[in-house]
Amino acid sequence: MTPKEKLRPISGFPELLPEYRMVELEWIDKLRSVFESYGFASIEPRTVEPVEVLLKQGDTDKEIYTIGRLMADPSDKAEPTYALHYDMTVPMARYVAANMNDLTFPFKRYQIQKAWRGERPQDGRFREFLQCDVDVVDTREIPLHFDAEIPVIMHEAVEAIGAGPLTTKINNRKVLEGYYAGLGITDAGNAIRIIDKLDKIGAKGVGTMLTEELGLDGATIEKVLGLAEIQGNDASVVQRVKALGVTSELLEQGLEELHFVMRELERFPEGAFVADLSIARGLAYYTGTVYEAKFADFPDFPTVCGGGRYDNLVGDLVSKRLPGIGISIGLTRIFAKLMREGRIEAGRKAPTDILVAHTRGAPYDLVRETAHTLRSRGFKVEQYHEDRKLNAQLKYAGEKGIPWVWFPPSEEGGEHQVKNSASRDQVAADPATWMPE
RNA sequence: GCGGGUGUAGCUCAGGUGGUUAGAGCGCCAGAUUGUGAUUCUGGAAGUCGGGGGUUCAAGUCCCCUCACUCGCCCCA
């Protein structure tokens, strides 16, 4: 590898300059405070799982990164194959199952961590990215109220970082599966996967795929598309589904749930939450309410938040059933899009409040003590450790956006001075009492 | 995994149909200016032209292969 190749960016592994990382950190702080305001606790499970855990819920074609030791003996089978997690939901379920005795249920947690996927990167899609998950998990049935609360938390969070407006589409897997069952479609899973492409390939494309892959006839496809076309921002969508004349027990139950959730969300501005019967979500483990949020202004940009309700994520790990519901915010994806749209204002290049200059002739003890005094009073202070001309020192402070430059006296007992970088005013000051005006 | 686009200095890019020693702007370093940020001026460092092979007297330029980045498909935050 040439030095130049070593310096090249790696596709899908974004890196931020300090002035933007500072913004990202602010976002994380805001998200945390929203999550905590609803009583969610933070956990940080390991980022690595046995491959079998990640593949537990079907989807064996997941693009996952495995990890191994460089020095490992290839013939040594003793070490299980580990992999970086590609989302936080299944690993969280494993964490809950492992610590069940020490957790209090319903367990409410948030996680802000990196995830890794080996997919081909493109606009808004990365191989290493930050996800912010909020989930409720219980050993008993979870009240439907959470189905309405979770997307509200997410909207609040996205609003807090100034990333809106968002449109969240809501559906219920039971409606889809129940409706398909009522139509006599046996392979609901594949039907859902195909229907999910409606906004991308259109009704015709979906119809073709349904015929080719599932062998559905024209009348059935009509019915399937009829359901997928229904959307609205209130509970009335339920009536329109019923009007299609398909019935099944599961469908009834799903419609009741959807009705409840939409009624709860009616109080929000129009367009914020929309029932959309074409939304399916690719992941296999969802069993009830599902969410999918996009930027209202950029409908072609990929989903920025997604989630839903699942009956049981731990499978055969423990004998108990662990139902849950949650949502994930794609922070890296949102950040990248807003960055591209010029909506992210760079922060400062350093957190420093005060640069203590290297005053020629000043006793070093005095300079260090000056910095220490200011630091102990709560200021973020760095010292310029090199004896260079003040031009260079001031230029450094200016470029880094450090608002104050402190000049210790060049002799013991002399007068300290502090300079305002912006106004260039310089006045005498005492490090023990000085306050920025 | 499949398809399109792009690779020349730290960054953004010029380099008609092959032709001497590969350029510009910005940035960087030093000085003018022996201690207070601008501007200006002067000087300087920095390139295996992504890599390999081929054609040719001659390749940054043409051909083949390859790698990387990028956009889309699949899939997903």
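The sequence lines fix the lettering, A, B, ..., with proteins before strands; numbering per chain opens at 1.
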| query | How far, in whole Å, is B/A38 from B/U48 if one measures between their P atoms? | reply | 32 Å
| query | Would you say A/Asn391 reaches B/U36's phosphate, i.e. side-chain N/O to OP1/OP2 under 4.0 Å? | reply | no
| task | Assess whether side chain to side chain donor-acceptor pair (under 3.5 Å) is satisfied between A/Asp135 and A/Tyr310, documenting all intermediate values. | result | CA-CA 11 Å; A/Asp135 281 82; A/Tyr310 36 89; 2.5 Å; yes
| Roughly how many Å is it from NZ in A/Lys419 to P in B/A38, rounded to a whole number? | 11 Å
| said: Would you measure the distance from the P atom in B/A30 across to the matching atom in B/C63 and give it in whole Å? | reply: 46 Å
| When rounded to the nearest Å, what value does the distance between C1' atoms of B/G50 and B/G7 take? | 6 Å
| task | Measure from CZ on A/Phe126 to P on B/A77 and round the result to the nearest Å. | result | 15 Å
| query | How close or far is atom C1' of B/C2 from atom CD of A/Glu119, stated in whole angstroms? | reply | 15 Å
| query | Counting any heavy atom closer than 4.0 Å, what does A/Asn420 reach on the DNA or RNA strands: base, sugar-phosphate only, or nothing? | reply | base
| field | Nearest-angstrom distance from the residue atom CD of A/Glu399 to P of B/C29 | value | 8 Å
| query | A/Gln111 and A/Arg109: side-chain donor and acceptor closer than 3.5 Å? | reply | yes
| Counting side-chain heavy atoms from C-beta on, which of B/C29, B/U36, B/A77 comes nearest to A/Ser328? | B/A77
| query | Any chance CZ of A/Arg375 has more than 12 other-residue heavy atoms, nucleotides or ligands included, within less than 6.0 Å? | reply | yes
| Quick one: on RNA chain B, does A/Thr332 or A/Asp123 contact a more 5' nucleotide (nearest heavy atom)? | A/Asp123
| note | Partner of B/U36 under the Watson-Crick or G-U wobble criteria, both distances under 3.5 Å, comes out as none
| request: Identify the nucleotide, in any strand shown, that forms a Watson-Crick or G-U wobble pair with B/C62, with both distances under 3.5 Å; if there is none, say none. | output: B/G54
| said: Give me the distance, rounded to whole Å, that separates B/U61 from B/G1 when you measure between the P atoms they each carry. | reply: 28 Å
| Separation between the C1' atoms of B/G10 and B/U66, rounded to whole Å | 27 Å
| query | Any donor and acceptor pair, going by atom type alone, linking the side chain of A/Glu264 with main-chain N or O of A/Asp147 inside 3.5 Å? | reply | no
| field | Whole-Å distance separating the CD atom of A/Glu63 from the C1' atom of B/A77 | value | 16 Å
| field | Separation of the P atoms in B/G31 and B/C69, to the nearest angstrom | value | 40 Å
| Between B/A77 (P) and A/Phe335 (CZ): distance, integer Å | 21 Å
| field | Any-strand Watson-Crick or G-U partner of B/C28, both distances under 3.5 Å | value | B/G44
| How long is the gap from CH2 on A/Trp434 to CH2 on A/Trp406, to the nearest 0.5 Å? | 6.0 Å
| query | Do the rings of A/Phe335 and A/Tyr20 sit parallel, tilted or perpendicular, given the 30° and 60° boundaries? | reply | perpendicular
| Can you tell me if the side-chain N/O atoms of A/Arg127 get under 4.0 Å from OP1 or OP2 in B/A77? | no
| said: Does the structure show a Watson-Crick or G-U wobble partner for B/G1, both distances under 3.5 Å? Name it, or say none. | reply: B/C73
| task | Look at all strands and tell whether A/Leu331 reaches a base, only sugar-phosphate, or nothing, counting heavy atoms closer than 4.0 Å. | result | nothing
| message | Does the structure show a Watson-Crick or G-U wobble partner for B/A9, both distances under 3.5 Å? Name it, or say none. | response | none
| Length of the NZ-C1' vector between A/Lys349 and B/G27, whole Å | 11 Å
| field | B/G19 and B/A32, which share atom name C1', separated by this distance in whole Å | value | 43 Å
| Among B/C69, B/U36, B/A38, the one nearest A/Ile10 by side-chain distance | B/C69
| said: Can you confirm whether or not the ring centre of A/Phe273 sits under 6.0 Å from the ring centre of A/His155? | reply: yes
| said: With a 4.0 Å cutoff (strictly under), does any side-chain N or O of A/Gln393 reach OP1 or OP2 of B/U36? | reply: no
| What interatomic distance, in whole Å, is found between C1' of B/C49 and the corresponding atom of B/G44? | 23 Å
| said: I want to check one thing: is the phosphate of B/A68, taken as OP1 and OP2, less than 4.0 Å away from some side-chain N or O of A/Ser11? | reply: no
| query | At under 4.0 Å between heavy atoms, what does A/Tyr396 touch on the DNA or RNA strands: base, sugar-phosphate, or nothing? | reply | nothing
| A/Ser421 near the nucleic acid: base, sugar-phosphate alone, or nothing, with a heavy-atom cut-off under 4.0 Å? | base
| query | Counting any heavy atom closer than 4.0 Å, what does A/Gly398 reach on the DNA or RNA strands: base, sugar-phosphate only, or nothing? | reply | base
| request: Return the orientation label for the A/Tyr396 and A/Tyr384 ring planes: parallel under 30°, perpendicular over 60°, tilted otherwise. | output: perpendicular
| request: Kindly say if A/Arg388 contacts the phosphate of B/A30, meaning a side-chain N or O under 4.0 Å from OP1 or OP2. | output: yes
| field | Candidate nucleotides B/A77, B/U36, B/G37, ranked by approach to the side chain of A/Gln426 - the nearest | value | B/U36
| said: Between P on B/A77 and NE2 on A/His85, what's the gap in Å once rounded to a whole number? | reply: 13 Å
